[in-house]
A.B. asks: 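Take a look at this one; I'll ask things after.
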Amino acid sequence: MTKARHTHGVIRVAAPLAVLASLLFVLPRSGPWFHAWLPELSHPLYTRTSFGALTLAHLALVTIATLFAVAIGLGLGILATRPSGRSLLPTVRAVAVIGQTFPPVAVLAIAVPLLGFGAAPTLLALVLYGVLPVLGQTIAGLEHVPAATLHAADGMGYGRWRRLREVELPLAAGPIMAGVRLSAIVSVGTATIGSAVGATTLGSPIVEGLVGNNTAYVVQGALLVGALALSVDAVLGAIERRIRRG
Amino acid sequence: MMSRALPVFVLSAMALVAAACLPFLHVAPNRLLSGHAVSPLAWPLAAAWLAVIAVTAVRIPMQRVVVTATAWFGIAGLPWLAGAEAQRILSDASATTRVQPGAGFWLMWLAAALLLLDGLRGRRPAVQVAAWIVAGFTIVVLAAAGAFDGLSLVREWRAQRAPFAAAVAEHLRLAGTTLVLALLTGAPLGWWVWRRRRADGVVVGILAFLQTVPSLALFALLIGPFAWLARAWPALGTLGFGGTGAAPAVFALWLYALLPVVRYTAAGLDAVPADTRDAARGLGMSRTQLLMRVQLPLGWPVLLAGLRIVAVQTIGLAAVAALIGAGGLGRFVFLGIGQGATDMVLLGTLAIIVLALLVDFVFQAVLAWTERRA
Amino acid sequence: MIEFDHVTKRFGGHLVIDDLSLRIDDGEFFVLVGPSGSGKSTLLRTVNRLVPVDAGAVRIDGEDVLSRDVETLRRGIGYAIQSVGLFPHRTVGENIATVPRLLGWPEGDIRARVTELVELLRLDEPGIADRYPATLSGGQQQRVGVARALAARPRIVLMDEPFGALDPITRESLQGSLKAIQRDTGTTILFVTHDMDEAFRLGDRVALMLDGRIAQVGAPLDLLHRPANDRVRDFVGGTRARLRELAVRTVRDSMRVGEPAEGEAVDVADSLQDALAAMLAQRRDRLPVNSRGERVGAIVLADLVANGP
């Protein structure tokens, strides 16, 4: 890898993180600016929960959901590509494909009657929806391992699990990581909407601002969640590139 | 043979658990209160799923046909059962009482659908399509005959018929406008990106960047600029360019739709191998002739596959647009959530899902038809 | 010693190996040759149990392969295939070290063995052991494949058309390397190919397989001189049989000891085909023959043409 490309890679990760950090620093002190911009608002700064706490809550929700999604998606994907579970593959694949046509909002809305308001339905929706890209990419990645490589591995005496661990998963790691990244990004977006069903996330200022006609809240929430999404994407993207390079 | 039956075992077991442990129906005293669970048919239903497992385990003749037929009847029969039970419960309850399907019903329905999907695999496409269409048609006929009238979902729909129809129309208008705009702008942009070999260039980079921004944030951030536009040029305001409403929604949806359209356009143009293009140019075709006579016919299916993804994605995202006052089915969902009216939420959600699945199905059908002709 | 004892294998209703019996001795370079679909690859794969037999038995040193733990069995047998199947996520060195690692060799031994094999297979570009397979040429990849098969010093190596996808020059060079290594190490090699010339060039013994049976087995010259039937004769080469024979025989077999000749000398160990090529190139009908650099006699065109079976 050339030095220029390395620098470029570092900037790609550092820039969104820097933006997020400076927003977290500047926004709590930005009341006067928002007041100058929108003098008609009596509360130009969202203060119900601190921006730091909202960001942490948002990130925690996404992290927990993504961990569950990875565990389930990876497990199902591996199961459906083993000889014993292979007959499940078409069904599993159909679920992954058809599931993607279900809008995240719909999954969120369905979770509410089951679990009530708050973080619980949001978490359920994030997990259910987050499984799909991981599952799809796990299957695609494992199916894409060259047949000759598997054949050679068998011929040299790899056991079934050792072959999975040392040959198949490392070779499928790039696509799987792409699935994890997609899952996390969709989760960041869906968690934002989750504030509409009572979860405390960075969507809370946006939704409250929309309901109460407070443009300042909306802008504050939107800036932060945008920066958070780009940061998550950048970090996971860097990990994915690293894996793909081998 | 054992492994061939594995999906049947897994799905039936899932349905069995759903039948035995999860509520088939919810009964609530009125539209806003949450009710209590009732599972009047838990044992017969559980027995039925057990029978499916048994039939698969002992491998009677025609076992696959039996299971597939059971699944088919489950798809039409489960709603009918739910409707009939609801009617029975309502016959000696107060007028405000609401009965809605519970988690057990939905899971069993899902299991039946996946079982049918599995059972039909390998049959001729005509048979598969026919089975699904007849199942859908049966449900419609049952609905028309009033079989589901006891279910609160249908009651909600009857009560809100006009606003519901308006919301569906609005939703389709939002998605349709977005799709047309994205195609008109994205296709030329995709062609430009392809010609310049800029698949990883600035344009695609910006679009990919936008794709990452959560929809609610993008919608929300557009309110300010659009309000400013409306104030600066009042003429635009009369076109619906307020701070909230359809205009910023369509603009945001268009931004999300652009990336897939651009990508798939470029991929479609690449569907013709470079040496075929060389040969065509060598035969004396102009660039336009090459595009119209060779690349467009051959790359069309790829672009269509891209449009399918865009359409499904846009229908889902348009639901979020309700939060900035763009209307559509999302309004039912979020209004329902705000009021705690589960039926309203469900009505909006189901409509969105059905729309997405229908659009997906239509695009798949068109795609299959184009590919057959090619 | 590998022993096939009345082995039968069906795929679906199709009989791929038909009650086949065969014995391969220790240290032998044994080639299974036949058209595609004759069952030769399937037969090869019954040895390391990638294909289970339906009836009969495959024995190594008298022990049924089914009685061995399948992974231990496979780790003890080298295996190289046409599509190579290198692990793309591992370096050349790591690829070669695969089986020694599986067997738990000490790290130092593994490193020494890799270095040794890199030299043995003439993979001597500097730093090649640290490169990834995708950066190698097809011939280099196959050399790595062969090195990987030999890495744990297996007593038996199975090779399934390992050189089938290579260009003629690369193939010949690899055939030379393999033959030399086999002679030096005394490894038993069971080699599958559809290329008759390759079979005759490499094999101590050759078995022609047709429709799941052995049509004939013997030394290359046996098949050329005494084909068991017309089908064997057709496959062994018909009119080209004489040319093949020239490739199998060496100058030593046909030279006139002590006779003089003009021109650039050939070596006693060269094939008659090489001698013929040298005559054509030098436009002469007799050439001197050297052994270890000393003039020992002459080779004459008329003898090559006349000296028939």
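What you see is a predicted model, and the numbers here were worked out from it, not measured in a lab. Excluded from the calculations below are hydrogen atoms, water molecules and symmetry mates; all remaining heavy atoms, backbone and side chain alike, are included. Below, chain A is the first sequence line, B the second, and so on; all start at residue 1.
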A.B. asks: Could you go through B/Leu323 and A/Ile206, starting from their C-alpha distance and side-chain angles, then the distance that decides it, and tell me whether this counts as side-chain contact (heavy atoms from CB on, under 4.5 Å)?
C.D. replies: CA-CA 10 Å; B/Leu323 284 173; A/Ile206 303 181; over 6 Å; no
A.B. asks: Could you walk me through whether A/Ser84 and B/Leu6 pass the side-chain contact (heavy atoms from CB on, under 4.5 Å) test, one step at a time?
C.D. replies: CA-CA 9 Å; A/Ser84 51; B/Leu6 193 59; over 6 Å; no
A.B. asks: By a 4.5 Å heavy-atom criterion (distance strictly below it), what part of A/Leu230 contacts chain B: side chain, backbone, both, or neither?
C.D. replies: both
A.B. asks: Are there more than 12 heavy atoms of other residues, nucleotides or ligands under 6.0 Å from atom CZ of B/Arg123?
C.D. replies: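 At most 12 heavy atoms, drawn from other residues, nucleotides or ligands, come within 6.0 Å of this atom.
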A.B. asks: Hey, is CZ on B/Arg121 packed in by over 12 heavy atoms from elsewhere, all under 6.0 Å?
C.D. replies: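 Yes, the 6.0 Å shell around CZ holds more than 12 heavy atoms from other groups.
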A.B. asks: Side chains of residues 208-216 of chain A: which donor-acceptor pairs under 3.5 Å do they make with residues two or more places apart or in other chains?
C.D. replies:
unit_1   : atom_1 : unit_2   : atom_2 : d
A/Glu208 : OE1    : A/Arg48  : NH2    : 3.4
A/Glu208 : OE2    : A/Tyr46  : OH     : 3.1
A/Asn214 : OD1    : A/Ala216 : N      : 3.1
A/Asn214 : OD1    : A/Tyr217 : N      : 3.2
A/Asn214 : ND2    : A/His43  : O      : 3.1

A.B. asks: Given the rule in the side-chain contact (heavy atoms from CB on, under 4.5 Å) test, do B/Phe209 and A/Asp233 qualify, once you have shown the distances and angles that lead to the verdict?
C.D. replies: CA-CA 9 Å; B/Phe209 172 86; A/Asp233 185 53; over 6 Å; no
A.B. asks: Of all of B/Ile337, B/Thr342, B/Leu317, which one pairs up most often with chain A through heavy atoms under 4.5 Å apart?
C.D. replies: B/Ile337
A.B. asks: Under 6.0 Å from the CZ atom of B/Phe361, do we count more than 12 heavy atoms belonging to anything else shown?
C.D. replies: no
A.B. asks: Going by side-chain contact (heavy atoms from CB on, under 4.5 Å), A/Leu88 matches just one of B/Leu11, B/Asp118, B/Val10. Which one?
C.D. replies: B/Val10
A.B. asks: Please output the side-chain donor-acceptor pairs of residues 91-105 of chain A that fall under 3.5 Å, not counting sequence neighbours, one pair per line with the distance.
C.D. replies:
unit_1   : atom_1 : unit_2   : atom_2 : d
A/Arg93  : NH2    : A/Glu143 : OE1    : 3.3
A/Thr101 : OG1    : A/Ile98  : O      : 2.4

A.B. asks: Got B/Val345 and A/Val112 here, is their nearest side-chain heavy-atom distance under 4.5 Å?
C.D. replies: no
A.B. asks: Please name the pair of heavy atoms, one in A/Ala222 and one in B/Ala217, separated by the smallest distance, quoted to 0.1 Å.
C.D. replies: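 Result for this residue pair: CB-O, 3.6 Å.
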A.B. asks: Heavy atoms only, distances under 4.5 angstrom: which of B/Ile353, B/Val312, B/Val320 has the most pairs with chain A? Name it, please.
C.D. replies: B/Ile353
A.B. asks: Answer yes or no: is there a side-chain heavy-atom contact under 4.5 Å between B/Leu216 and A/Val225?
C.D. replies: no
A.B. asks: Could you measure the distance from the CZ atom of B/Phe334 to the CG atom of A/Leu108? Nearest 0.5 Å is fine.
C.D. replies: 7.0 Å
A.B. asks: Which pair of non-hydrogen atoms, one from A/Ala229 and one from B/Thr212, has the smallest distance, and what is that distance?
C.D. replies: CB-O, 3.5 Å
A.B. asks: Heavy atoms only, distances under 4.5 angstrom: which of A/Thr192, A/Leu224, A/Leu223, A/Val186 has the most pairs with chain B? Name it, please.
C.D. replies: A/Thr192
